[in-house]
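A short worksheet on the structure shown next.
Labels below follow one simple rule: chain letters A, B, ... track the order of the sequence lines, proteins then strands, and each chain is numbered from 1. Model, not experiment: these values are computed from the prediction.
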Amino acid sequence: MLSLIVNRILWAIPTLIFVSFISFVIIQLPPGDYVTAYVAQLRHSGEYITELQEAAMRQEFGLNDPLLVQYWRWISAIVMHGDFGRSLEWNMDVKDMIWDRLGLTLAISTLSMIFTWIIAIPIGVYSATRQYSFFDYIFTVFGFIGKGIPEFMLALILMWLGYAYFNMDVGGLFSRQYETAPWSWGKFVDLLEHLWVPIVVLAFGSTAGLIRVMRANMLDELGKPYVETAYAQGFTERTVVWRYPVRIALNPFISTVGWALPALFSGDIIAAVVLNLPTTGPLLLKALQMQDMYLAGSFILILSVFTVIGTVLSDILLAVSDPRIRMA
Amino acid sequence: MTQTNNPLPPERLLQLDDVNVHFPMREGLVKAVNGVSYHINRGEVLGIVGESGSGKSVTARSIMRLQPKQALDAGGSIRFRRKSGEEVLISSEDRQSRTMRDLRGNEIGMIFQEPMTALSPVHTIGTQIMRTVMLHRNVSKADARARAIELLTKVQMPRPNDIVDRYPHHLSGGMRQRAMIALALACDPTLLIADEPTTALDVTTEAQILHLLKSLQQELGMAIVFITHNFGVVADIADRVAVMYLGRVVETGTVDEIFYEPKHPYTQALLRSIPKLGGQKARRLKTISGTVPDPFNVPPGCSFHPRCMRAVGGICNVTTPPEVRFPNGQISRCHFAEEFRSEAAE
């Protein structure tokens with residue numbers, strides 16, 4: 001067990017190095033660079049920039065250095081000083097822009113994931129143990145509708161309902177007066193009042209999907225002989241179902257729980273834009289559009305690091321849950 | 001069904017009378033178990049032989065009330081004598097009734113065909129046995145663990161103190177089946193249902209497991225319903241044998257009666273199709289012609305008649321044969337069972 005954990009963590013290190021390099025290269029891939037985009041924008045608004053000024057800007061930002069040099073400058077600052085560079089677009093330190101949003105993103109994604117699991121797992125188990133019953137069909141219909149409705153659409157509907165009928169201040173995570181205020185009890189309560197809409201929106205689709213997956217996994221497991229063995233011991237149906245097949249049907253979720261982190265970090269950009277959430281998604285989108293390389297690079301790096309860490313966590317959790325994994 | 005009202009004879013542990021289990025399918029009704037009657041006395045081993053699909057497993061699951069959920073109970077009675085001596089009419093119990101849950105694992109143990117998958121892969125052998133012990137007996141965790149080790153020792157598991165903390169995937173097929181037997185014996189059942197317990201094992205392991213079951217049966221005095229499709233295994237372990245074909249018991253008798261004086265053409269044909277050591281080398285083995293009929297179109301009359309060498313038109317394909325009882329207790333469901341008496345020495 002311990003050797004498995006150490007092994008996984010050691011393997012994560014070269015993966016992280018490789019991934020950080022790849023994220024830097026990806027940022028550099030599109031034709032042109034930040035200066036190209038910036039100059040184009042200035043020209044668009046009528047200002048005139050000479051070739052010389054353009055070249056000087058490139059020099060200043062260090063964009064003319066070889067790729068490896070730029071990468072080394074970037075990554076060593078991050079590792080040594082936690083300095084993610086400056087956002088060229090916002091003219092701010094990237095680290096000041098990211099951490100606030102990162103906290104909120106983590107809060108929202110964790111809550112919506114917990115919400116999803118609490119609802120989806122019992123329903124999935126119910127649907128499987130009462131296959132083709134009335135409620136199974138109801139949940140199936142809900143599942144397909146939930147999978148089918150795009151999140152931004154659901155967000156719009158909820159916002160409209162909230163605004164038109166409940167006279168609520170929807171969109172965003174804070175009321176106007178708290179938006180820039182420092183953290184206080186009032187701000188926290190205000191956050192909770194706004195938080196339910198994004199959580200419902202984000203949890204809705206994944207709940208629907210998870211119900212289907214849980215149902216399918218359970219149906220696979222319920223037919224296996226060890227379930228019959230458990231019944232033959234005299235346990236009640238509830239004990240049998242929750243002690244045996246559910247344990248095993250959860251494995252695919254445990255092995256992907258690590259991915260939930262990066263998925264919620266970047267996957268719900270559209271919903272976040274519609275809901276005007278101060279999370280990381282919309283900022284990443286903007287940074288990519290502007291070729292704001294240090295900001296975008298930092299995002300992609302953090303995303304990748306989360307993916308790697310999440311996978312390691314998943315592996316360890318899975319080994320805890322399923323003894324067969326520990327063999328390998 | 002007048003039999004149902006009579007109390008069970010004192011030595012009787014389990015009695016099935018005219019049990020029917022049907023499966024409604026899209027293609028029609030499948031009568032998987034079509035009027036099965038057999039009984040088993042205390043401490044006796046009853047072998048149930050039949051091809052795949054003959055209804056032997058479904059009948060066994062009816063005894064546990066663990067038949068597939070879409071199965072219909074279409075009549076008949078299953079009666080069981082509890083340890084306390086009182087009779088319980090299992091066939092009228094609900095799948096999840098308290099009585100059934102109390103019987104399962106406690107008074108009736110069951111072993112399954114697939115030792116590789118019949119144990120939970122994510123719990124240790126010890127945990128699985130302890131849970132059963134603690135469910136039925138009011139004992140502490142430490143006592144349950146001691147009981148688990150005792151049981152593993154009893155089934156001749158090597159290194160029981162070590163194996164108790166192992167997971168099924170650490171064990172070989174034969175060891176898993178031993179663990180499975182230990183689990184089934186956790187609460188000293190009076191009846192053990194073994195559903196093809198050696199079919200998935202290699203011949204050497206099979207012999208060991210059979211030997212173990214026989215010695216445990218003698219030591220603990222429990223009765224065993226031993227389901228198999230292998231006549232050799234039956235000869236090895238059973239006291240009495242019931243031969244099943246298409247949801248019916250076609251013949252019942254002691255092992256010797258079944259092997260030396262079979263009174264049903266199906267049993268006779270099965271026995272002729274077994275290769276014998278020291279037989280005439282040039283002779284070809286006799287096989288049963290045709291195949292098992294489609295369960296949706298069971299032949300009328302005697303369901304074996306299309307494949308039977310002795311079938312007589314106008315009788316066998318019209319009327320279902322009654323049970324013919326012989327003075328020695330042998331029962332055959334054949335119109336001509338009486339005639340075989342003279343030819344028995346064949």
Side-chain angles (χ1 to χ4, degrees), chain A residues 1 4 121 125-136 215 217-255 314-328, chain B residues 57 60-61 63-70 94-124 127-136 165-170 176 179-180 183-184 186-187 189 192-193 195 200:
Chain A
M1 187 70 192
L4 179 121
I121 291 173
V125 170
Y126 176 91
S127 272
T129 48
R130 301 275 179 278
Q131 196 187 9
Y132 304 136
S133 68
F134 176 72
F135 281 106
D136 178 31
R215 180 178 181 271
N217 285 354
M218 279 299 288
L219 285 176
D220 279 352
E221 292 302 324
L222 282 173
K224 297 219 172 130
Y226 70 86
V227 179
E228 193 176 27
T229 306
Y231 276 119
Q233 305 309 308
F235 295 117
T236 58
E237 180 171 9
R238 176 176 302 194
T239 311
V240 170
V241 167
W242 286 95
R243 234 185 232 176
Y244 297 93
V246 169
R247 265 288 300 271
I248 296 162
L250 280 180
N251 278 352
F253 296 117
I254 296 174
S255 65
S314 281
D315 282 355
I316 293 172
L317 280 177
L318 196 59
V320 170
S321 142
D322 190 339
R324 289 169 295 181
I325 307 290
R326 279 174 239 159
M327 290 271 279
Chain B
S57 288
R61 277 164 181 70
I63 300 171
M64 293 289 263
R65 303 315 286 154
L66 285 177
Q67 58 278 63
K69 282 191 177 155
Q70 71 271 26
D94 185 62
R95 180 186 175 91
Q96 285 298 328
S97 78
R98 184 170 291 272
T99 312
M100 270 336 287
R101 283 191 275 115
D102 201 33
L103 286 180
R104 286 182 206 136
N106 189 13
E107 302 196 27
I108 309 178
M110 188 153 183
I111 327 175
F112 298 92
Q113 179 174 357
E114 289 292 335
M116 306 313 265
T117 50
L119 291 164
S120 164
V122 295
H123 298 99
T124 60
T127 308
Q128 299 188 45
I129 298 176
M130 282 159 67
R131 280 180 173 173
T132 304
V133 174
M134 285 159 78
L135 177 71
H136 295 293
D165 292 319
R166 294 283 179 164
Y167 291 93
H169 63 260
H170 292 124
R176 285 186 210 191
M180 191 73 228
L183 179 63
C187 298
L192 180 70
I193 300 174
D195 188 0

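In this structure, chain A has no heavy atom under 4.5 Å from any part of B:Met100. Both the backbone and the side chain of B:Leu183 come within less than 4.5 Å of a heavy atom in chain A. Both the backbone and the side chain of B:Leu66 come within contact range of chain A, each with at least one heavy atom under 4.5 Å from a heavy atom of that chain.
In this structure, B:Met110 and B:Ile63 have side chains that are not in contact, with every pair of non-hydrogen atoms separated by 4.5 Å or more. B:Lys69 has its side chain out of reach of A:Gln131: every pair of non-hydrogen atoms, C-beta onward, lies at least 4.5 Å apart.
Ranking B:Gln96, B:Arg95, B:Arg65 against chain A, the residue ahead of the rest is B:Gln96, based on heavy-atom pairs under 4.5 Å. The choice from A:Gly234, A:Pro245, A:Ala230, A:Ser321 that makes the most heavy-atom pairs within less than 4.5 Å of chain B is A:Gly234. Your options are A:Val227, A:Thr236, A:Thr229, and the one with the most heavy-atom pairs under 4.5 Å with chain B is A:Thr229. Taking chain A as the reference chain and counting heavy-atom pairs below 4.5 Å, the highest number among B:Arg131, B:Arg98, B:Gln128 is found for B:Arg131. Interface check for chain A: of the options B:Pro121, B:Ser120, B:Gly105, the most heavy-atom pairs under 4.5 Å are formed by B:Pro121.
Side chain of A:Arg130 to backbone of A:Asp136: no donor-acceptor contact under 3.5 angstrom is found.
From B:Glu114, atom CD reaches atom CG of B:Asp195 across 10.5 Å, with rounding to the nearest 0.5 Å.
There is no side-chain donor-acceptor pair under 3.5 Å between A:Glu221 and A:Tyr244.
Using a 30° and 60° split on the angle between ring planes, B:Tyr167 and B:His169 fall in the parallel class, below 30°.
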